[in-house]
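Notes follow once the structure below has been shown.
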Amino acid sequence: MDKIVSLCKRRGFLFQSSEIYGGLNGFWDYGPLGVELKRNLKDTWWRDMVTGHDDLTAPAGAPQAYQMVGLDCSIIMHPQVWKCSGHYDLFHDFMVDCRESKKRYRYDQVVGRWVESKGQKVFVTVMPETDDPATEIEPRALKFFNLRAKQADQLVYHGSHASLATISDMATVLAPDAKQLGTLTPPREFNLMFKTIVGAMGTEEDAAFLRPETAQGIFVNFKNVVDSSRVKVPFGIAQIGKSFRNEITPRNFTFRSREFEQMEIEFFCSPESSNEWYRYWRDRRYQWYLSLGLSPERLRMREHDAAEIAHYSCGTADIEYAFPFLPAGEFGELEGVAHRADFDLRSHQEGKLVKKDGALVVETGTDGKPRHKGSGKKMDYLDQETNRKYIPHVIEPSAGADRATLAFLCEAYREDMAPNDKGEQEARVLLKLHPRLAPFKAAIFPLFNKDGMPEVAQKLYLKLKKRFNVFFDDGGSVGKRYRRQDEAGTPYCLTIDHTTLQDQTVTIRDRDTLVQRRISLDAVLPELEKLIEG
RNA sequence: GCGGGAGUAGCUCAGUGGUAGAGCGUCACGUUGCCAACGUGAAUGUCGUGGGUUCAAAUCCCAUCUCCCGCUCCA
């Protein structure tokens, strides 16, 4: 992994943000090669999912034909968007740290019970792993008071178990993993959303948030898109854009960044068909990564089990990649494909929802009114054929553009052996990027800087440049120029030599096989189109 | 946020109190001519940043930032 990070810096794929000022944790800049790679990735996604999508025929695995449209929403939205979506509550936690065990806990998730023994009264806490915290508390209490299991009758409980949030004095609390009393810090506020102020004279009352995901912009524009674009359910809305999260621990190169780019689709369908569509999108997105070169050994699809699944979801799968910085056997998330049912559209219509007795209902405050009031705007859809009104169900394939870029870089990095000019095998570093993703599609070299070769090469270069991002290089030996392009991931090199001057042919050299063949100058452009675009 | 390690040229790194270094890369010239060739020359550093100790600090001390590893967190 260090070699990949080093190559990224050396060749201009990725730089640390604000590096000359010492860097900024969790922020990254894409250099000249990186911006092309990431842009190609996003363009490929957009073309494959949106503009290039065949909306006239049902794709393999899909229940029927469907439409796809795009959207580009503002990063800052009305604060109520995040209250109804659930992010405001979920991304805003109080945490306590244990000075002894060095562990950190969600303040509201720690559960404890007052226990008295040997003249001492202690609030014994656990991070409950079962539905019955009392059975987990007792062994902790016995151990603290230095009692055997058969002496449990010496423990006197006061009241039933309760949240740590009911305790004001941390000095009498036994932390979940501590041996001593009073090791917990006071609760401290963690806000995972970036707060900002709208308006030059704005105050705290004008606080807003940078979006932590692009999806909500799609949901709040659902009606606008339906009313303006003649789409019919089933259809999808796609968006690519930046999102922001105050990750507690940015780590692993660009994998967990605080500013990152997402490629998201919200696919709207009828409730009856939603499970079929979920399976379609899950499989389709998995295949997309394979089609661009991620190896099946390092890419996996993992269905969430019932405990992990969000309360509103009827199915979620992560597409995960075995990044080289992770321990062997571990995978990191590239994309989540979630069946979100009607949770999001209903939330923006009615208000923030919670699950109660197996059903989603509007969460209410102590006053009985909605905790976070919805827009009140109808989010239902009228199916003109059946004359039926319903709130569509949603399948959400949500991909990380930076994570995918990193995965393709990791997958592409290879060290192999190639012959030098004496025929000896030498180490070679190359990026085996798919031609659609490669920053440069081809490089053009004059073999010698004389006999008119530079002129022919320049003419070809300028001709190709109108269609593809290509690179011209006349510096150093041709072998060195090949190796430089290998390291940048350029799939093809075109060399103008003496033969070119006689018969108007050039050599085209393949990055992966090193094989060279001759094609005519006029055939170069169509040949590249065939090789790159298939 | 905690603990451990690290930060010196674009990259990889050497340098334990006394003149700032190497290899690779980059650029120029010459030579060569289809897979990182060779020769000559050049550019590139307030040694992460800020303080302190000292006649003198890359080197010792303190603080801080960033990166890596392990905890923790990750709708």
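Excluded from the calculations below are hydrogen atoms, water molecules and symmetry mates; all remaining heavy atoms, backbone and side chain alike, are included. Lettering of chains follows the sequences in order, A, B, ..., and the numbering in each one begins at 1.
We find that CZ of Arg256(A) is positioned 12 Å from P of rC69(B), with the value rounded to whole Å. Going from atom CD of Glu19(A) over to atom C1' of rU66(B) covers 10 Å, rounded to whole Å. Put simply, CG on Asp474(A) is 14 Å from C1' on rG33(B), counting in whole angstrom units.
Put simply, the side chain of Gln516(A) and the base of rC34(B) share a donor and an acceptor less than 3.5 Å apart. At a cut-off of 3.5 angstrom, counting only N and O atoms as typed in the model, there is a donor on one side and an acceptor on the other between the side-chain of Arg509(A) and the base of rC35(B).
As judged by a 4.0 angstrom heavy-atom cut-off over every strand, Phe253(A) is placed among residues touching the sugar-phosphate backbone only. Looking at heavy-atom distances under 4.0 Å, Glu487(A) makes contact with a base. If you check every strand for non-hydrogen atoms under 4.0 Å, Thr507(A) touches a base. If you check every strand for non-hydrogen atoms under 4.0 Å, Gly336(A) touches nothing. Asp486(A) comes within 4.0 angstrom of no nucleic acid atom, judged by non-hydrogen atoms across all strands. Residue contacts shown for Gln16(A) are limited to sugar-phosphate atoms, with no base heavy atom under 4.0 Å away.
Figure legend: Arg258(A) and Phe244(A) shown without cation-pi pairing, the cationic atom not lying both under 6.0 angstrom from the six-membered ring centre and within 45 degrees of its axis. Geometrically, Lys83(A) engages Tyr88(A) in a cation-pi contact defined by less than 6.0 Å to the ring centre and at most 45° from the axis.
Distance from the side chain of Arg484(A) is smallest for rC27(B) among the nucleotides rC67(B), rU12(B), rC27(B). Closest to the Thr495(A) side chain, of the nucleotides rC34(B), rC69(B), rA36(B), is rC34(B). In the set rC34(B), rA36(B), rG33(B), the nucleotide with an atom closest to the side chain of Phe448(A) is rG33(B). Nearest to the side-chain atoms of Ser477(A) among the listed nucleotides rC34(B), rA37(B), rC67(B) stands rA37(B). When each of rU12(B), rC67(B), rC35(B) is scored by its nearest atom to the side-chain atoms of Ser6(A), the top-ranked nucleotide is rU12(B). In this structure, the nucleotide among rA37(B), rC11(B), rA36(B) sitting nearest to the side chain of Arg10(A) is rC11(B). For Lys480(A), whose side chain is taken as the heavy atoms from C-beta onward, the closest listed nucleotide among rC35(B), rA37(B), rG33(B) is rA37(B). For Tyr482(A), taking side-chain heavy atoms from C-beta onward, the closest of the listed nucleotides rC67(B), rC34(B), rC69(B) is rC34(B).
A salt bridge is defined here as a Lys NZ or Arg NE, NH1 or NH2 lying under 4.0 Å from an Asp or Glu carboxylate O, and Lys432(A) with Asp416(A) fails to meet this definition.
Checked against the 6.0 Å centroid criterion, the rings of Phe325(A) and Phe253(A) do not qualify as a close aromatic pair. When ring centroids are compared, Phe209(A) and His87(A) stay outside the 6.0 Å threshold.
Separation of the P atoms belonging to rA9(B) and rU59(B) is 15 Å when rounded to the nearest angstrom. Rounded to the nearest Å, the gap between the C1' atom of rC60(B) and that of rG18(B) is 15 Å.
With the nearest nucleotide of RNA chain B identified for both Val478(A) and Pro250(A), Val478(A) has the one nearer the 5' end.
Screening Arg509(A), Arg511(A), Arg414(A) for a salt bridge (charged side-chain N to carboxylate O under 4.0 Å, His left out) with Asp486(A), the sole residue that qualifies is Arg509(A).
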